[in-house]
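Before any comments, here is the structure.
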Amino acid sequence: MPTQFDPPSGTRDFLAAEYEKREWAFGVLRSVFASYGFEPLQTPAFERLDVLLGKYGEDADKLVFKILRRGEHEASGEADLALRYDMTVPLARVAAAYGSQLPTPYKRYAIGPVWRADRPGRGRFREFVQCDLDILGSPSTLADAEVLAAHHDAMIGLGLTDFTILLNSRQVLSGLLEVFGVPPQLGSGVLISLDKLDKLSPDEVTAELAGRGLPGTIADDLVTAMTATDAEDRIRAALKDSEVGQAGVDEVDRLLALVAGQIPATRIAFTPRMVRGLSYYTGPIWELAAAGVPGSVGSGGRYDHLIAQLGGPDVAATGTSIGIERVLMLLAGDQAAGRGRLDVAVTVLGDDLAADSFALASAGRAAGLRAGVYLGGSGKLGKQIKWASDNGARWCLIYGHAERATGEVTVRDLTSGEQQQVPAGEVGGYLAARAGDRSA
RNA sequence: GUGGGCGUAGCUCAGUUGGCAGAGCGCCAGGUUGUGGUCCUGGAUGUCGAGGGUUCAAAUCCCUUCGUCCACCCCA
């Protein structure tokens with residue numbers, strides 16, 4: 001097939017099987033979030049350009065899909081609107097617009113497509129669904145714990161158990177830089193390099209740190225402490241010398257204690273080396289890793305002043321983002337089986353019988369089943385039964401002149417091949433009585 | 001944005017030194033005119049991603065372009 005009929009790169013068509021799998025997953029998320037008392041929020045697919053630009057820096061601005069001005073201004077080539085880039089900026093706008101009308105704290109979830117003018121790759125799209133869970137207005141660690149627990153439960157609800165939550169804190173990272181004597185101006189660069197410890201060897205990271213201008217002995221000490229088998233103990237001990245660092249450790253421990261009843265200890269761990277690249281986090285940070293998926297399958301943290309930076313009120317905030325597209329990749333085989341399109345397939349064995357066939361299908365629907373009549377051009381019964389079978393129907397209702405003469409319908413069970421004559425008026429009840437026997 | 005791989009039937013892919021466009025699966029028809037799945041027989045697949053060049057001759061070699069995949073970067 002010519003490639004011009006593929007959807008634009010980085011976008012996808014979802015035919016029935018995949019669509020249903022996705023809808024199932026979104027439904028699981030909605031129900032888990034609702035069970036925690038989070039409420040839904042839906043905002044427009046596009047926002048005013050000035051609402052979106054300049055929020056995350058120039059690099060992010062380049063990834064915003066802009067919408068040209070229309071009408072007489074179109075020739076100007078300027079844009080005044082843009083497709084949303086994430087769910088957080090719209091959240092800030094909503095907080096600014098409806099502030100006092102929103103509950104406090106405001107616990108909301110948002111599931112919907114976002115767009116990025118990015119280069120697509122594996123697990124990376126230009127149009128993808130983002131699923132965010134946030135709490136505005138609570139500075140409490142309880143809020144972080146609730147978000148984290150809900151995220152964990154959502155993953156479990158989706159059938160995922162083989163994942164790990166890497167937990168750290170901004171204060172821990174600040175403390176590390178302090179106790180190891182990293183010059184303040186090198187801080188963010190050093191953290192970016194340390195984040196690569198899960199991909200690069202300790203030596204490579206040490207070299208990269210030196211390349212950033214960090215004195216060799218400091219780089220060495222830092223990498224050694226982070227990668228030792230007893231790294232966590234070493235870091236904990238070292239941070240005792242830092243007020244901010246110790247505060248970070250205390251908060252991480254508090255968070256671990258709060259979620260201990262819901263998240264098994266094997267699935268969550270204090271991970272001092274984990275650094276979230278984004279600079280707006282102000283407290284605990286976390287990332288979910290799963291085997292077989294590039295990057296993370298979710299991440300979040302506390303971001304206390306971001307909402308104000310994005311144009312909203314200056315409220316405490318914490319939240320998490322479920323990497324649903326990547327989670328769906330892990331679910332590839334499981335939920336995709338599909339259960340067919342019909343429960344009841346009705347033959348049409350002649351133009352003069354079609355109206356009765358329609359009525360039979362209607363009776364099937366009234367019995368709570370999915371029912372359809374044969375729309376093809378073949379009058380052959382064999383073709384029609386094959387059609388019924390191809391559509392996954394459990395029953396084929398055979399209704400020809402012989403049946404009409406006796407006022408009965410031949411009900412063929414396509415699983416067993418057994419057939420039974422049923423009075424036409426009782427077909428609905430007959431099917432309803434047997435529909436519960438075996439789940440679809 | 002940098003480097004590399006790959007674009008052939010609906011799908012997964014073969015295709016030798018340039019020499020008639022192939023297989024499996026799926027699809028259609030028949031065997032069986034009122035009985036699907038299994039089986040047997042037969043049939044159709046097509047802009048060889050697109051454009052240009054070399055050649056008697058190009059899926060094959062060269063150039064360009066588009067798409068796609070992998071690594072780096074960045075993210076979800």
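Per chain, numbering begins at 1; letters A, B, ... match sequence-line order.
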Whole-Å gap separating C1' (B/U35) and OH (A/Y374):
14 Å
For the pair A/R126 and A/D118, find out whether any cationic side-chain nitrogen is under 4.0 Å from an anionic carboxylate oxygen.
no
Please work out if A/G417 contacts a base, only the sugar-phosphate, or nothing of the nucleic acid, heavy-atom cut-off 4.0 Å.
base
Please state whether the base of B/C74 and the side chain of A/R116 form at least one donor-acceptor pair under 3.5 Å?
no
Distance (rounded to the nearest 0.5 Å) between A/Q384 CD and A/C396 SG
7.5 Å
For the CG atom on A/D351, are there more than 12 heavy atoms of other groups (residues, nucleotides or ligands in this structure) within a distance under 6.0 Å?
no
Could you check whether A/W387 and the base of B/G36 form a stacked pair, meaning centres closer than 5.5 Å and planes differing by less than 30°?
no
Closer than 4.0 Å, any side-chain N/O of A/K383 to the OP1 or OP2 of B/U33?
no
Straight-line distance of A/R267 CZ to A/F163 CZ, nearest 0.5 Å:
4.5 Å
If you check the A/E403 side chain, which of B/G34, B/C27, B/A76 turns out closest?
B/G34
What nucleic acid atoms does A/Q419 come within less than 4.0 Å of, heavy atoms only: base, sugar-phosphate, or nothing?
base
Looking across every strand, which nucleic acid part, if any, lies under 4.0 Å from A/L349 by heavy atom: base, sugar-phosphate, or nothing?
nothing
Opposite nucleotide pairing with B/A71, Watson-Crick or G-U, both atom distances under 3.5 Å:
B/U2
Under 4.0 Å, counting only non-hydrogen atoms across every strand here, what does A/E418 touch: a base, just sugar-phosphate, or nothing?
nothing
Map A/Y399 and A/K380 onto RNA chain B by nearest heavy atom, then report which one ends up closer to the 5' terminus.
A/K380
Considering only atom P, compute the distance from B/A58 to B/U12 and round it to an integer number of Å.
29 Å
Nearest-nucleotide comparison on RNA chain B, the residue closer to the 5′ end among A/A393 and A/I324
A/A393
